[in-house]
*Asks:* 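One structure is given below, represented as structure tokens, and several questions about it will come after.
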Amino acid sequence: MTYVFLGPSLPLAEAKKILEANYLPPAKQGDIISLVERENPHTIALIDGYFFQSLSVWHKEIMYALEKGITVLGSSSMGALRAAEIERYGMIGVGEVFKLYQEGLLDDDEVVLVHAPKEKGYLNLTLTVVNIRFTLKKAVQNGLITEELSAKVVNRAKSLHYTERILSNILKGMPSILQSIFQSHYHDQKKEDAKLLLQKIANKEFYTTLTGSFSYSSHMRPLYYQERSVGVDQTKIPLATIAKYVALHHPDFSRLKSHALNRILVSVLAKLLQIEVTDEEIE
């Protein structure tokens, strides 16, 4: 089964016309590793993810999915950025935004925007620098503006905080033709890339080869054992939340905690003595 993390890059109704899949909200840290453990997906498409509202989806959890033999693709926004960063480990990047990240021509915040909540269809409330770039590039190609003016607008947009990237702020004091270009010839490259990714999955136009190896780290373990979510009555609850509840309400918490610490000490001692210990022996 294919799972797609999608938000403001492409309206859900349009996405469903291209590909039948399980569509999830933009990814945050812990979501991919939780999905892997909960659903064992065949394919994961990462399009949108959170940058500042929540901790971003982590490279290691994508690599964990790849190591499990799951195909992971990325485009448009967070997906394009992560694909460029860990392509060598087997993640597949799709689209023009991915290519620019791959070539080191974009900063992380150039795909970031402010959007409405899911209930409002993730309506875009600000502009992304990357879409501004592609809109102006086409205007230059059509002879509407000069490259110098295009660069000036991009620099203005980049100088603004992502929450302030609205057209009136970006074009303040600029030639009036720019207003017309953005109103009549706006090019949404993030949307085009998202559509392309879904089309490739629908047509099975991709392949992946794991070229790196995955290993746990001291930072990965807390993600796996604390931030991984489990499904309970249609609600996803992080393991850390369950642990906190148990600590407050379970009458046997002290015994459980002592037992868990003893297991850890046995494992650490075995590692120090270079002894291979099975799960049965630990029990």
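Computed from a predicted structure; not experimentally measured. Position 1 is the first residue of the sequence, and the numbers go up from there.
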*Asks:* Ignoring hydrogens, what is the shortest heavy-atom contact between Ala27 and Val57? Give both atom names and the distance.
*Replies:*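 Taking Ala27 first and Val57 second, the nearest heavy atoms are CB-CB, 4.3 Å.
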*Asks:* Among the clusters formed by ILVMFWY side chains lying less than 4.5 Å apart, do Val112 and Phe98 turn up in the same one?
*Replies:*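 No, separate clusters.
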*Asks:* Quick check: closest heavy atoms across Gln179 and Leu167, and the distance to 0.1 Å?
*Replies:*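 Nearest pair, atom of Gln179 first, then Leu167: NE2-CD2, 3.6 Å.
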*Asks:* Go through Ile237 and Ile242 one step at a time and tell me if the side-chain contact (heavy atoms from CB on, under 4.5 Å) criterion holds.
*Replies:* CA-CA 7 Å; Ile237 304 176; Ile242 296 174; 3.8 Å; yes
*Asks:* Is it possible for you to say whether Trp58 and Ile44 belong to one hydrophobic cluster, with membership spreading through side-chain heavy-atom contacts below 4.5 Å?
*Replies:*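 Yes, Trp58 and Ile44 fall within the same hydrophobic cluster.
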*Asks:* Could you measure the distance from the OG1 atom of Thr126 to the CG atom of Leu113? Nearest 0.5 Å is fine.
*Replies:*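 The CG atom of Leu113 is 4.5 Å from OG1 of Thr126, to the nearest 0.5 Å.
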*Asks:* Using the side-chain contact (heavy atoms from CB on, under 4.5 Å) rule, take Lys257 and Leu261 through it: C-alpha gap first, then chi angles, then the decisive distance, then the call.
*Replies:* CA-CA 6 Å; Lys257 182 178 179 182; Leu261 288 173; 4.3 Å; yes
*Asks:* Please examine the side chains of Ile47 and Met78, heavy atoms only from C-beta on, and report whether any two atoms are closer than 4.5 Å.
*Replies:*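 No, every pair of side-chain atoms sits at 4.5 Å or beyond.
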*Asks:* If two hydrophobic side chains count as joined below 4.5 Å and joins carry through other members, does Leu127 share a cluster with Leu106?
*Replies:*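 No: no chain of side-chain contacts under 4.5 Å links Leu127 to Leu106.
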*Asks:* State yes or no: do Ile166 and Phe182 share one hydrophobic cluster built from I, L, V, M, F, W and Y residues joined by side-chain heavy-atom distances below 4.5 Å, directly or via other members?
*Replies:*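 No: no chain of side-chain contacts under 4.5 Å links Ile166 to Phe182.
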*Asks:* Does a side-chain heavy-atom distance below 4.5 Å link Glu205 with Gln199?
*Replies:*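 Contact flag for Glu205/Gln199 side chains = no.
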*Asks:* Are Lys195 and Lys191 packed together at the side-chain level, in the sense that at least one heavy-atom pair is separated by less than 4.5 angstrom?
*Replies:*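 Sidechains of Lys191 and Lys195: in contact.
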*Asks:* Is there a continuous path of hydrophobic side-chain contacts, each under 4.5 Å between heavy atoms, that joins Leu10 to Tyr122?
*Replies:*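 In one cluster: no.
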*Asks:* Does CD belonging to Glu276 count more than 12 external heavy atoms closer than 6.0 Å?
*Replies:*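 No, CD of Glu276 has 12 or fewer neighbouring heavy atoms, counting only those of other groups under 6.0 Å.
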*Asks:* Should Lys138 and His185 be marked as a side-chain contact (heavy atoms from CB on, under 4.5 Å) after you check the CA-CA gap, both sets of side-chain angles, and the distance that decides it?
*Replies:* CA-CA 9 Å; Lys138 288 188 175 296; His185 304 286; over 6 Å; no
*Asks:* Is there a side-chain contact between Val111 and Tyr101 (heavy atoms, below 4.5 Å)?
*Replies:*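 Result yes, sub-4.5 Å side-chain heavy-atom pair found.
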*Asks:* Report the distance from atom CG of Leu196 to atom CG of Leu73, rounding to the nearest 0.5 Å.
*Replies:*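 The distance works out to 10.5 Å.
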*Asks:* Of all the heavy-atom pairs spanning Lys28 and Glu61, show the shortest one and how long it is.
*Replies:*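 Shortest heavy-atom contact: O-OE2, 4.4 Å.
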*Asks:* More than 12 foreign heavy atoms under 6.0 Å from CE of Met1: is that the case here?
*Replies:*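 No, not enclosed.
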*Asks:* Can you confirm whether Pro26 sits close enough to Ser77 that some side-chain heavy atom of one is under 4.5 Å from a side-chain heavy atom of the other?
*Replies:*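 Counting from C-beta outward, Pro26 and Ser77 never come under 4.5 Å.
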*Asks:* Write down the atom of Ala194, the atom of Ser76, and the distance for their closest heavy-atom approach.
*Replies:*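 Between these two residues, the closest heavy atoms are N-OG, 3.0 Å.
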*Asks:* Which residues pass the side-chain contact (heavy atoms from CB on, under 4.5 Å) test with Glu96, not counting sequence neighbours?
*Replies:*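 So Glu96 forms a side-chain contact (heavy atoms from CB on, under 4.5 Å) with Lys99, Phe134, Gln189, Asp193.
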*Asks:* Are Ile70 and Thr43 side-chain neighbours, meaning at least one heavy-atom pair lies under 4.5 Å?
*Replies:*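 Counting from C-beta outward, Ile70 and Thr43 never come under 4.5 Å.
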*Asks:* Is the OH atom of Tyr245 crowded by more than 12 outside heavy atoms at less than 6.0 Å?
*Replies:*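 Incorrect, the count does not exceed 12.
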*Asks:* For a side chain to side chain contact (heavy atoms under 4.5 Å, CB included) with Tyr3, tell me which candidate from Val36, Ile32, Leu35 qualifies.
*Replies:*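 The residue from Val36, Ile32, Leu35 that satisfies side chain to side chain contact (heavy atoms under 4.5 Å, CB included) with Tyr3 turns out to be Leu35.
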*Asks:* Within the 4.5 Å heavy-atom criterion, are His115 and Leu123 side-chain neighbours or not?
*Replies:*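 In short, these two side chains do not touch, never coming nearer than 4.5 Å.
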*Asks:* Which heavy atom in Asn131 sits nearest to a heavy atom in Lys190, and how many Å separate them?
*Replies:*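 Looks like OD1-N, 3.2 Å.
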*Asks:* Show the numbers, then the answer: is there a side-chain contact (heavy atoms from CB on, under 4.5 Å) between Phe51 and Leu81?
*Replies:* CA-CA 11 Å; Phe51 283 84; Leu81 174 61; 3.9 Å; yes
*Asks:* Hey, what do you get for CG (Leu100) to CD (Glu110), rounding to the nearest 0.5 Å?
*Replies:*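 Leu100 atom CG to Glu110 atom CD measures 8.5 Å (nearest 0.5 Å).
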*Asks:* Got more than 12 heavy atoms from elsewhere within 6.0 Å of CD, Glu147?
*Replies:*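 Counting neighbours around CD of Glu147, 12 or fewer heavy atoms of other residues, nucleotides or ligands fall under 6.0 Å, so no.
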*Asks:* Measure across Leu46 and Phe5 and return the closest heavy-atom pair with its distance rounded to 0.1 Å.
*Replies:*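 Heavy atoms only, the tightest pair is CD1-CB, 4.0 Å.
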*Asks:* When rounded to the nearest 0.5 angstrom, what is the spacing between OG in Ser56 and CZ in Arg82?
*Replies:*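 The CZ atom of Arg82 is 5.5 Å from OG of Ser56, to the nearest 0.5 Å.
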*Asks:* Inspect the contact between Asp31 and Arg38 and indicate whether a charged nitrogen and a carboxylate oxygen are less than 4.0 angstrom apart.
*Replies:*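 No salt bridge links Arg38 with Asp31.
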*Asks:* Counting only N and O atoms by type, is there a donor-acceptor contact under 3.5 Å from the side chain of Asp48 to the main-chain atoms of Leu6?
*Replies:*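 No; judged by distance alone, with no hydrogens or angles, the pair does not exist.
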*Asks:* Using a 4.5 Å cut-off on heavy atoms from C-beta on, say whether the side chain of Lys68 contacts that of Glu37.
*Replies:*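 Yes, side chains in contact.
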*Asks:* Please list, chain by chain and in numerical order, all residues satisfying side-chain contact (heavy atoms from CB on, under 4.5 Å) with Ile145, sequence neighbours excluded.
*Replies:*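 side-chain contact (heavy atoms from CB on, under 4.5 Å) check on Ile145 returns Leu136, Ala139, Val140, Leu149, Ser150, Ile177, Leu178, Ile181.
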*Asks:* If you measure from CG on Leu239 to OG on Ser34, what distance do you get to the nearest 0.5 Å?
*Replies:*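 Interatomic distance, Leu239 CG to Ser34 OG, rounded to 0.5 Å: 7.5 Å.
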*Asks:* Could you go through Asp109 and Arg165, starting from their C-alpha distance and side-chain angles, then the distance that decides it, and tell me whether this counts as salt bridge (Lys or Arg N to Asp or Glu O under 4.0 Å)?
*Replies:* CA-CA 11 Å; Asp109 75 330; Arg165 290 171 184 162; 2.8 Å; yes
*Asks:* Once you round to the nearest 0.5 Å, how far does CD of Glu192 lie from CG of Leu197?
*Replies:*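 It is 13.0 Å, given to the nearest 0.5 Å.
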*Asks:* Counting only heavy atoms not in Lys158 (residues, nucleotides, ligands), do more than 12 fall under 6.0 Å from its NZ?
*Replies:*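 Enclosed: over 12 neighbouring heavy atoms sit under 6.0 Å from NZ of Lys158.
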*Asks:* If the condition is side-chain contact (heavy atoms from CB on, under 4.5 Å), which residues does Leu19 pass it with, not counting sequence neighbours?
*Replies:*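 Partners of Leu19 by the side-chain contact (heavy atoms from CB on, under 4.5 Å) criterion, ordered by chain and then number, come out as Thr2, Val4, Ala21, Tyr23, Leu198, Ile201, Ala202.
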